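Each chain gets a letter, A, B and so on, in the order the sequences are listed, and its residues count up from 1. Owing to the predicted nature of the structure, the values given are computational and were not obtained by experimental measurement.
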Amino acid sequence: MTDTRFDPSVADERWQRAWTDAGTFTADSASEKPKSYILEMFPYPSGRIHMGHVRNYTMGDVLARYQKMRGFEVLHPMGWDAFGMPAENAAMEKGVHPGGWTRANIAQMKAQLQRIGFALDWTREFATCDPEYYGHEQALFLDLYEAGLVYRKESTVNWDPVDMTVLANEQVIDGKGWRSGAEVEKRKLNQWFLKITDFADDLLEGLGSLEDWPEKVRLMQENWIGKSQGLEFSFDLSDGGRLAVYSTRPDTIFGASFCAIAADHPIAQGLAGDPEVAAFIDQCKKGATTAAALETAEKLGYRTPITAKHPFTGAELPVFIANFVLMEYGTGAVMGVPGHDQRDFEFASKYDLPILRVVSADPAQADAPFKGEAEAGDGVIVNSDFLNGMTVEAAKAEVITRAESGGWGEGRTVWRLRDWGVSRQRYWGTPIPFIHCDACGVVPVPKDQLPVTLPEDVSFDIPGNPLERHPTWKHVDCPQCGKAARRETDTLDTFVDSSWYFLRFASQPADRPFDPEEVAKWMPVQHYIGGIEHAILHLLYARFWTRALAHTGKIAVQEPFAALFTQGMVTHETFSRIDEARGVPVFFGPEEVDRTSDGATLLADGAPVEVGRVIKMSKSKKNVVDPDAIIARHGADAVRWFMLSDSPPERDLPWSDAGIEGCARFVQRLWRLFGQAGAGGVGADAEYDKALDRKLHQTVAAVAEDIEALSFNKAVARIYELVGAVEKAPLSATRSDAIRKLAVLVSPMMPHLAEEARATYGLGTGLVAESGWPEVDPALLVDDEVTIAIQHMGKLRDTVTAPKGASKEDLEALALASANLQRSLDGAAVRKVIVVPDRLVNIVT
RNA sequence: GCGGGCGUGGCGGAAUGGUAGACGCCGGGGACUUAAAAUCCCCUGAGCUUUGCUCGUGCGGGUUCGAGUCCCGCCGCCCGUACCA
């Protein structure tokens, strides 16, 4: 027995060094062992590690350590998603260089991660802003260009007319530029695109094979890709021209009462000689480009003098220019069916257009009025000539057939998914490796001239892209004709950087992006862990990039991530007071506040502050808890344990001081228990405690199962139970053995404590991190007795103990013998008896 | 607006359609101590006429011998919405 305390301030660093010195977590691709690639979404080096990172990487760490103990050769790497806007913002605000700022952040964050004791292979670390990395990315981009998957076209951006610069959606606040405050305009630029739509069907089909992805993410991706069957057809126009539209609801064609075209549709542009039309088109250019902004903006239309002739009825439908129709989607024109599309309904109501019913749930109610909104639901076609009485599906097919035989339209599959615009008019990103030559056009940079590196001498005093105004960087000779030409000054979307980094972790040759043979050994990633906010874009782009590389023969694997896990956020309550003068809340950090069980007061003045909702940690709400301070106080293992406890990993985890203190106490409680491993003898002469041994084996099996399912909160609860049972058990060889195995069992979660205990108390030899997972005896997993619930009409009336596997007859007899049940029955006749073996008996009267 | 998710004691949560509240936190009571810290033990969904009974998993319906779990309709919150990462 000992009364010493576990001291993480000494032990943590000792074992972190021991693992590094032993190369414990360096992945060996030549190993004969089966491979396991565990990956968490790599961080953006924003400055400091936050609790969300700690939670994410702790989960992956437990898996990595567990897999190693199960005999796998584990690859668990870490790097930095280092390009992006925050570095440029820091450059503007603090006058630092984006690269210097980023490098300093990486150094700081790496040290923080190392203090948490993550089982990472740091030999494979890289940052996406390393010229070596982005040079290989440029080469891959050129490969995709050669494969016909890269092209240029005009596309809309947010334009700040005062700062004369392109704005990210994030930089548009309420339709205004974040710095200038000027109303944002839509502007067209020639930009680079990746043909992700070529893979729309593959990406959709592939979702079916991703059995270990959350159903919700697969659904979200499916909806995002948005495959739909519809009709593309043309209206004859009153001015002699034709108007092509696309509709997913050709069955409602008899309900069409207008057509609408985009502001930049050629027909609208053709009418722009009229000042009224020009003014309306200008008005449509106002506002931001996000889907949410477009969908919620007021629907505006301009009625042109042109009309469109309905292909069946011959009716002349008015043609509107409308702000909600986008040139980028479909044909840039739609037919408006107000009765069965909510957006059309609102538009028709506003501009006093007919709202016709052509689908009715009840065919007898063919002329029922609408109740203030469109009816998009299923039903039978009405008021539609030859379509009347058909189902929606049949009518769709019929209209498509008639359009095709009549030669005025054809059935088409369209995708909601659009091609991926990768151009960014910014400095801190991967330069797009192309050169613009007046004579030769757009010319790829020859691969032997890669990487195209970013110039260091740039300034951020004025808005805009520093690459554009750099005195020399963009001026180069054309690789084809040798004449003076200009470099492309757009850089790649940072999602490109994160679309193949997992391949670079797996293999890092100097002369190529990756070695296919090495990649084949590790890929696909066995467990990929990160935030749900990446459910669509990042994950879809990474899937696309992987397929595109497979398509060009670079790799064999089609899907990069065999299993995906999306973890919840770390949240914290907020403390605030309303500033009387300004009427806005002022937030206080947890360190400024004294929190008691029934409220909180500000330390500075002792007066109360309001305890607000538990929300995601953010600087603006001042509800951030710095991991470093917590680790310094309680040690890495207490923080890791907290991250895994209580909340299921896919849900939000509310941070609490009481919680981390409880975890720190549990670390010491385990330490005391480990100190008792020698007590009670270790030989066969000491008494065998079967109940405890059974509990041990059951726990080892259950914890393994829980870790494999990433149900860390349940594994934690199991360990609490086992610890309680061991503490209470009388001294025995079984108990000593359980304590030794407990140290191994908790080691994926609390690795420093486990190593220190083994070394201090002689609980085993070698590093725990390199030990095997405890063996389980299947015979000890089953109990001899079970508790049977006795119900009357589904209500619990009694419980009895019965041997496991008892017959239905025995259980029924046991139930009927219960006095509580008999009182409940009160002499009523038994109509039915339901027996669920080993669980319950339900008497129905 | 559209797509997706979530909702269970004071709090985080557990529960193959089968005993709702495991496990932890908070709180209360006690032991130890001169005292405190630490530690240990007990209690802890609400109510009632307390061998036990009734109610109870966001709200309203439904299916079932039995619903937190399945179905329908709502409400609230969260994530995404293509240039935040």
Give me the ring orientation class for A:Trp671 and A:Phe6: parallel if the planes are under 30° apart, tilted from 30 to 60°, perpendicular past 60°.
-> tilted

Stem ranges of RNA chain B by first residue number, counting only runs of at least 3 Watson-Crick or G-U pairs under 3.5 Å, come to B:1-7 with B:75-81, B:10-12 with B:23-25, B:27-31 with B:39-43, B:45-48 with B:52-55, B:58-62 with B:70-74

Could you tell me which residues satisfy side-chain hydrogen bond (donor to acceptor under 3.5 Å, both in side chains) with A:Arg424, sequence neighbours excluded, listed by chain and number?
-> A:Asp493

Assign the ring pair A:His534 / A:Phe495 to parallel, tilted or perpendicular, where the plane angle (0 to 90°) is split at 30° and 60°.
-> perpendicular

What string of B, S and - do you get for nucleotides 69-75 of chain B, 5' to 3', when a contact is any protein heavy atom under 4.0 Å?
-> -------

Run the ring-centre check on A:Trp420 versus A:Tyr541 and record whether the distance is less than 6.0 Å.
-> yes

5' to 3', nucleotides 2-12 of chain B under a 4.0 Å protein heavy-atom cut-off (B base, S sugar-phosphate only, - none) gives -BSS-S----B

Which of parallel (below 30°), tilted (30 to 60°) and perpendicular (above 60°) describes A:His572 and A:Phe575?
-> perpendicular

May I ask you to check if A:Arg416 and A:Trp224 form a cation-pi contact, with NZ or CZ under 6.0 angstrom from the six-membered ring centre and within 45° of the axis?
-> yes

Spell out yes or no: do the side chain of A:Arg831 and the base of B:rC65 have one donor N/O and one acceptor N/O closer than 3.5 Å?
-> no

Go through the structure and list residues passing side chain to side chain contact (heavy atoms under 4.5 Å, CB included) with A:Ser711, not counting sequence neighbours.
-> A:Asp706, A:Ala709, A:Asn713, A:Lys714

Spatial distance of atom OG1 (A:Thr128) from atom OH (A:Tyr44) [nearest 0.5 Å] = 9.0 Å

For residues 836-845 of chain A, please give each side-chain donor-acceptor pair under 3.5 Å, one per line with the distance, not counting sequence neighbours.
from	atom 1	to	atom 2	distance (Å)
A:Asp838	OD1	A:Gly805	N	2.8
A:Asn842	OD1	A:Met793	N	3.3
A:Asn842	OD1	A:Gly794	N	2.9
A:Thr845	OG1	A:His792	NE2	3.0

